[in-house]
Student: 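Before we start, here is the structure in question, set down as structure tokens.
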Amino acid sequence: MAHNRAIPFNRPGLAGNESRYLAEAISRGHISGDGEFTRKCHAFFEQALGLHKALLTTSCTHALEMMAFLLDIQPGDEVILPSFTFVSTANAFVLRGARPVFIDIRQDTLNLDERQLERLISPRTKAIVPVHYAGVGCEMDVIVKIAEKHKIPIVEDNAHGLFGKYRGRYLGTFGCMAAQSFHETKNFTCGEGGALFINDSRYVGRAEIIREKGTNRNQFFRGQVDKYTWVDVGSSYLPSELLAAFLYAQLEAREQIQCKRRRIWEYYREHLQAWAEHHGVRLPLVPETCEQPYHMFYLLLPSLEWRQGLIAHLAARQILSVFHYLPLHLSPMGKKFGGKPGDCPVTETVSDRLLRLPFYNDLAEADQARVVEAITEFHG
Ligand SMILES: Cc1ncc(COP(=O)(O)O)c(C=O)c1O
């Protein structure tokens, strides 16, 4: 029976040309990294967003790790980042010996609370990492001003925010660098993948080297050196051409994908608004200064019990909803850095009450109607 069909939380969608481009990459006989499709993806990002340089990586996690190398993060350095984020935002810097300094989030956008930024800055602060939650921009005007005053670089974790804008400017272009994700839950995907966006030309040369195992292989291919060798620290951060081919097919379909996601987001908002108001449930807020890329739709429920009840209610109807993030400052690792309950009170309550609804490019309207119907039958 159609009604019993499970509705997943996520399902990677195909834009159309993925198989054709994969076959093309295979028939060209070049399936390792930095071939034709990788170049096409780089050019696409550089042109579409006006970036100085884009470099595909094997994940957003790896792009964040590259940033930590490029900023020369050393043991004892401090990096300010929200507690309400994915582990990689912190881990990338912790791997280089940094101490994460967790900042709480705003009640409205769930982005880092810029009003608390200045008091967390110390002589050891080596980076500020805004995470544009759900692709809604952080208050970059204020954050940039504070960072400039203290001469601290900003690097953006823009895993959710490709094509989002803050005051008319693309997210990922505010920091000296930004990290993107093409994991299968993201708007544009190649299964696992990411990119490092570089807005400050000083980082480009070393980024190419770090991405290529610490060698000057890129310069060799451009004919700038006659042999390539080990010149710096590095790792293997470049994805195969097969991933780039898949990703390029998705990027080409930018308009169609964003159009579908917008329709899904607006359907949820329109059909859940009355129920939400009645029950004191908060729907996502997008300030007028922001254009969102429709990455996710979440509910902020009145309590943890409400949230767990709704998850179970939806699961009984074969609908999968998920929550995230567990506050990093209260995780076993976060506690090792001194995190304790009460440090980030908004993060702590939001983490208990947030629920993400099924959201993927090919979510059919009939399925979405089923999700809405199930939710509006729930009264706590
Ligand atoms: C805010 C944020 N940063 C980083 C990542 C890591 O992305 P990836 O899986 O591409 O490494 C995620 C994953 O979803 C994320 O939500």
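Since this is a predicted model, take the numbers as computed values, not measurements. Just follow the structure's listing: the first ligand is 1, and inside any ligand the first atom is 1.
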Student: Could you check ligand 1 for N or O atoms lying under 3.5 Å from protein N or O atoms and list the pairs with distances?
Tutor:
unit_1   : atom_1 : unit_2 : atom_2 : d
ligand 1 : 3 (N)  : Asp157 : OD1    : 3.2
ligand 1 : 3 (N)  : Asp157 : OD2    : 2.7
ligand 1 : 10 (O) : Cys60  : N      : 2.9
ligand 1 : 10 (O) : Ser181 : OG     : 2.7
ligand 1 : 11 (O) : Cys60  : N      : 3.4
ligand 1 : 11 (O) : Thr61  : N      : 2.9
ligand 1 : 11 (O) : Thr61  : OG1    : 2.5
ligand 1 : 14 (O) : Lys186 : NZ     : 2.7
ligand 1 : 16 (O) : His160 : NE2    : 3.0
ligand 1 : 16 (O) : Tyr325 : OH     : 2.8

Student: Would you call the rings of His313 and Phe378 parallel, tilted or perpendicular if under 30° counts as parallel and over 60° as perpendicular?
Tutor: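 His313 and Phe378: tilted rings.
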
Student: Tell me yes or no: between the side chains of His329 and Glu348, is some donor less than 3.5 Å from an acceptor?
Tutor: yes

Student: With a 4.5 Å heavy-atom cut-off, do Val131 and Phe86 have their side chains touching?
Tutor: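 No - every pair of side-chain heavy atoms lies 4.5 Å or more apart.
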
Student: Does either side chain, that of His160 or that of His132, offer a donor lying less than 3.5 Å from an acceptor on the other one?
Tutor: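 Their side chains do not contain a donor-acceptor pair, so the 3.5 Å distance test is not met.
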
Student: Kindly indicate whether the side chain of Phe163, heavy atoms from C-beta on, has any atom under 4.5 Å from the side chain of Phe188.
Tutor: yes

Student: Kindly say whether Gln107 contributes a backbone atom to a donor-acceptor pair with the side chain of Arg282 at under 3.5 angstrom?
Tutor: yes

